[in-house]
Amino acid sequence: MSANGHPRTHRLLTAGDFRSVFDQVEAKAAFPQCLLLARRSQTGQARLGFIISKKNVRTAVGRNRIKRIAREVFRLNYDTLPPIDIILLGRKGLDGLSNEELHKTFAKQFRKVSRRWLKEQEGSVEKSES
RNA sequence: UGAGUCGGCCAGGCAAUCGCUGCUUCGUAAGAAGGAGAGGAAAGUCCGGGCUCCACAGGGCAGGGUGCCAGAUAACGUCUGGGCGGCGAAAGCCGACGGAAAGUGCAGCAGAAAGGAAACCGCCGUCCGCAAGGGCGGUAAGGGUGAAAAGGUGCGGUAAGAGCGCACCGCAGUCCUGGUAACAGGGCUGGCGAUGGUAAACCCCACCCGGAGCAAGGCCAAAUAGGGUCCCAUUAGGCGUGGCCCGCGCUGGGACCGGGUAGGCUGCUUGACCUUGAGGGUGACCUCAAGGCUAGACGAAUGAUUGCCCAAGACAGAACCCGGCUUACCGGCCGGCUCACACU
RNA sequence: UGGGCCGUCGCCAAGUGGUAAGGCAACGGGUUUUGAUCCCGUCAUUCGCAGGUUCGAAUCCUGCCGGCCCAG
C-alpha cells in the first residue's frame, strides 16, 4: 500500500463506528458551514466519516463534491493526523464554497481538531496521574 | 438570405502528478502491470413490463384504470397511421374525442318560464266602454332576463303569427356507394312541441387489472442468546467470590439436530442489449446475417491539483433491470418542410 | 425503495360546485383619571403553482412545487 492512499480502513464504515464517536466526543472544531467531531480510534489509525443531510446540501452532486474534496485533504495530510476517528457534519451553506475554499478550510480544520485532541489527551493524562 | 415549423445529434478537449472501485494476467504474499469506469435526463416516481416470493378450481361482485378507429409492442395512460373538431396564410400544432329516446340528480342570481313547462312587455281578433282602459280568445315574429329559452336564413302565407307551405343548410329515420374500421359521399322519407345542457355529477356500455417488492428472494452463520432428541450425572457435583475452610450466590455435563439475530456472501449485470449490412412495411416497428461486450459500488468508486487550447463548459450522479411520460438545462451543430424577398 | 398525509389572512383554522365562517394577533375608535377587561369597526381576487372540465372551481381532473410522517 502506498503512503498516500485512502483505503477503506481509513473510513468509518458501520453505524457502530459512528455511534462510538457520538457517545464520547473528545475534541470538536467548528466553523459556520461545518462541524467536526473526534475521538480516539480503536484501530490505531485515523478514520474519516461524513454526515451531510439532503436538507443542508440539496443535490447529490454537491454532496459528492464535498466528500471527495474532504477525502482528498484527509489523504494528503494523513501522516500529520493522530489516531482519531473524525466525523464531518455538514451544515447549511457548505455547497456555497468553491473547491479552493473547501481545500483551505478542511486542511485548517483537520489541523485544528487534531491539535485540540492532543491537548485533551495531555490534560486527561495529567488528571489521571494527579 | 430572412421568418416560421418539425426532427436528430453533442454536452469541453489534451497532457502530467497523486488517488478511488471492479475485471484480467503475474505473484506464496505484500503488491505490480494492463484495460474499464454515470446521464440525456442517471431526476420526479406518474404509468407499463421483466424478475422474485406469497395467494389462487372456475365464475361473479366490489374497487381502480382506459375511452374516435386501425395498427405497433413484452406491455402501457406510450408510439405510428387514419378519421372528426379547433387554431394558423402555410408547413404544422392542439384535443379525456363512447353514451343524455336505461334511470337518478344538478342549474345560485336574474327571468313570465330552467324542462314534458310557460306568456311579462308585445302583436292580432272579438266583446264591454264616450274615452282611458278592461274581459275573453289567438299567437310566439319582435323586446327584455340569462351561460343556456325546443332548429337557422330567405321567400310565400296570415287577422296577427307559426315548418303552416316552399328552397337551401341543419336534425332524425332509412337505403345505396367507398373504406378493415372510425367515417365520408349520395338518394328517398319525415315536417322538426321531436331528441335543450351537464357524465373531469351518480351512472350505463366496451376493454384491462391478484398482492407485495432486490431492504424481493436464496445461502452461510458468531454469542455467557435460545429450542428439541439421546446419553451421562443425580441432592452429589460443577461454576463464581477467596490463599484455604465455612458462608453466600448461580445451577447441570457431553453429543447430535433443525430455526435463526449481529454480521457476511449471493441476487448483480449478456440484455425486449449495441454496431453494421440486407430485406418487409406509408410508418411505429419487424425479420435475417455478421461482429461486439459497454459501471456494478454498499457510508457507497469515476476525483483533486497544475499547465495548454477553444466555441469558455448548463442541468445534474447509476444503486435489480428495461419501455415510456413529465420536469430541469449554458450553448452549439446538422437536416426536412412552409412562406416572403432577391438572383439565375 | 415503497407507502401515506397536508398546503386557505401574520398564526390557528372551517368550508368538498353558487362567489371564503370563526378565533388569536394587528390597526382605528369608544368606555376609564390611566391601564387591563369590555364594546364597535377594519383586515383573503395568486385559496402552494400551471393548465383543463363547467355558465360558474378553494372545491372536480391532470401535471408540477414545497413541507411532514411511517416501514424495513
Side-chain angles (χ1 to χ4, degrees):
Chain A
M1 195 205 297
S2 74
N4 292 326
H6 185 61
R8 295 193 54 202
T9 52
H10 292 187
R11 305 179 192 181
L12 294 178
L13 297 174
T14 64
D17 293 339
F18 280 86
R19 183 157 293 282
S20 71
V21 176
F22 274 113
D23 286 349
Q24 197 184 346
V25 178
E26 294 172 354
K28 282 195 234 175
F31 61 104
Q33 292 85 8
C34 186
L35 171 70
L36 284 89
L37 304 176
R39 129 169 236 198
R40 172 180 289 279
S41 170
Q42 279 126 0
T43 61
Q45 288 178 310
R47 298 190 297 177
L48 181 65
F50 298 98
I51 298 180
I52 303 171
S53 78
K54 211 171 186 176
K55 203 170 180 182
N56 293 329
V57 181
R58 212 52 167 298
T59 64
V61 171
R63 290 193 293 276
N64 280 343
R65 184 171 68 92
I66 288 155
K67 286 191 277 186
R68 280 164 183 161
I69 290 170
R71 268 194 216 111
E72 183 74 8
V73 174
F74 181 83
R75 181 175 70 78
L76 294 171
N77 297 304
Y78 184 72
D79 294 337
T80 68
L81 291 169
I84 50 173
D85 289 341
I86 301 173
I87 292 179
L88 193 155
L89 269 158
R91 286 181 179 168
K92 225 163 217 171
L94 190 56
D95 54 340
L97 299 174
S98 70
N99 285 2
E100 199 181 340
E101 286 172 315
L102 284 173
H103 266 276
K104 275 188 192 162
T105 50
F106 283 146
K108 193 173 160 191
Q109 297 304 322
F110 281 141
R111 275 202 304 279
K112 202 195 225 170
V113 75
S114 51
R115 205 169 56 237
R116 283 184 182 177
W117 182 79
L118 287 169
K119 222 175 187 174
E120 165 74 21
Q121 290 303 300
E122 283 170 24
S124 64
V125 167
E126 279 168 23
K127 260 184 230 163
S128 63
E129 280 175 353
S130 66

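Residue numbers begin at 1 in each chain, while the letters A, B, ... track the order of the sequences. This is a predicted model, so every value here is computed, not measured.
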For A:Phe50 and B:A300, give me the distance from atom CZ to atom P, rounded to whole Å. 8 Å
Inter-residue atom distance A:Glu120.CD - A:Arg40.CZ, 0.5 Å rounding: 11.0 Å
Verify the contact: side-chain N or O of A:Arg47 to OP1 or OP2 of B:G299, cut-off strictly under 4.0 Å; return yes or no. no
Please determine, for the side chain of A:Glu72, which listed nucleotide (B:C18, B:A38, B:U305) has the closest atom? B:C18
Side-chain ion pair, A:Arg75 and A:Glu72, N-O less than 4.0 Å: yes
Euclidean distance, atom CZ of residue A:Arg63 to atom P of B:G317 [Å, nearest integer]: 8 Å
Between B:G303, B:U305, B:G317, which nucleotide has the shortest distance from any of its atoms to the side chain of A:Thr59? B:G317
Against the side chain of A:Arg75, the closest entry in B:G19, B:A300, B:G299 is B:G19
Using the rule that two of Ile, Leu, Val, Met, Phe, Trp, Tyr join whenever any of their side-chain heavy atoms come within less than 4.5 Å, decide whether A:Val61 and A:Leu94 are in one cluster. no
Test for a donor-acceptor pair under 3.5 Å between the base of B:G299 and the side chain of A:Arg71, counting only N and O atoms. no
Taking atom C1' in both B:G254 and B:U234, what distance in whole Å separates the two? 16 Å
Taking atom P in both B:U80 and B:G213, compute the distance separating them and give it to the nearest angstrom. 34 Å
Using the C1' atoms only, state how far B:C76 lies from B:C208, rounded to an integer number of Å. 11 Å
Quick check for you: among B:G299, B:U305, B:A318, whose closest atom lies nearest to any side-chain atom of A:Ile51? B:G299
Distance check needed: B:U305 C1' versus A:Arg65 CZ, whole Å only. 15 Å
Pairing partner of C:A26, by Watson-Crick or G-U wobble and under 3.5 Å for both distances, is C:U42
Give me the distance, rounded to whole Å, that separates B:G22 from B:A30 when you measure between the P atoms they each carry. 14 Å
Within this structure, what is the CG-to-P distance between A:Asn64 and B:U302, rounded to whole angstrom? 8 Å
Could you say whether A:Glu100 or A:Ala60 is positioned toward the 5' end of RNA chain B, judged by the nucleotide with the nearest heavy atom to each? A:Glu100
What is the distance, to the nearest angstrom, from the CD1 atom on A:Ile52 to the P atom on B:G317? 14 Å
Could you please spell out the steps behind the side chain to side chain contact (heavy atoms under 4.5 Å, CB included) verdict for A:Ile66 and A:Phe106? CA-CA 10 Å; A:Ile66 288 155; A:Phe106 283 146; 4.1 Å; yes
